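Here is the structure we will look at.
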Amino acid sequence: CRYSPKGELIASCGEDGSLRVWDAFSGAEIMSVNDLPGPRFPGLADPYHGERPVCFSKDGNLVATGSEDGWLQVWDLTGAQVRPKFGNLT
């Protein structure tokens with residue numbers, strides 16, 4: 001999981017194809033997406049497949065998610081809308 005630049009949000013992106021964003025102080029879920037593109041490894045106890053990459057933009061308004069097969073998506077937290085998919089970058 002990752003903290004936003006100001007430490008107010010936490011994002012995690014699981015190998016089950018889910019993205020979750022929480023308020024770091026209250027624990028309230030801000031956003032949830034359950035059908036990200038890319039391979040699925042639910043329940044896999046493998047240190048190389050434990051979590052998908054996720055990061056915040058410098059201003060904390062965007063979250064980027066990735067997958068092993070090269071998919072990249074950018075999410076706008078101000079409206080919880082997906083920006084255009086960058087697709088498979090491999």
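Worth saying up front: this structure is predicted, and the values here are computed from it rather than measured. For this chain, numbers begin at 1 and follow the sequence in order.
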Exercise. Is there a path from Tyr3 to Trp22 through hydrophobic residues (I, L, V, M, F, W, Y) whose side chains come within less than 4.5 Å of each other?
Worked result: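 Hydrophobic grouping puts Tyr3 with Trp22.
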Problem set entry | Within one Ile-Leu-Val-Met-Phe-Trp-Tyr cluster: Ile30 and Ile10, side-chain cutoff 4.5 Å |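 Shared cluster, no.
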Exercise. With sequence neighbours left out, what residues match Asp59 under side chain to side chain donor-acceptor pair (under 3.5 Å)?
Worked result: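 Asp59 satisfies side chain to side chain donor-acceptor pair (under 3.5 Å) with Ser57, Asn61 once adjacent residues are dropped.
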Exercise. Residues two or more places apart in sequence or in another chain: which of them pass side chain to side chain donor-acceptor pair (under 3.5 Å) with Ser18?
Worked result: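 Residues passing side chain to side chain donor-acceptor pair (under 3.5 Å) with Ser18: Asp16.
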Minimum heavy-atom separation for [X] to [Y], with atom names?
X: Arg20; Y: Val33; result: NH1-O, 3.6 Å
X: Pro5; Y: Phe56; result: CD-CB, 3.8 Å
X: Gly60; Y: Leu77; result: O-CD1, 3.7 Å

For this session: Can you measure from SG (Cys55) to CG (Leu62) and round to the nearest 0.5 angstrom?
Result: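 So the gap between those two atoms works out to 9.5 Å.
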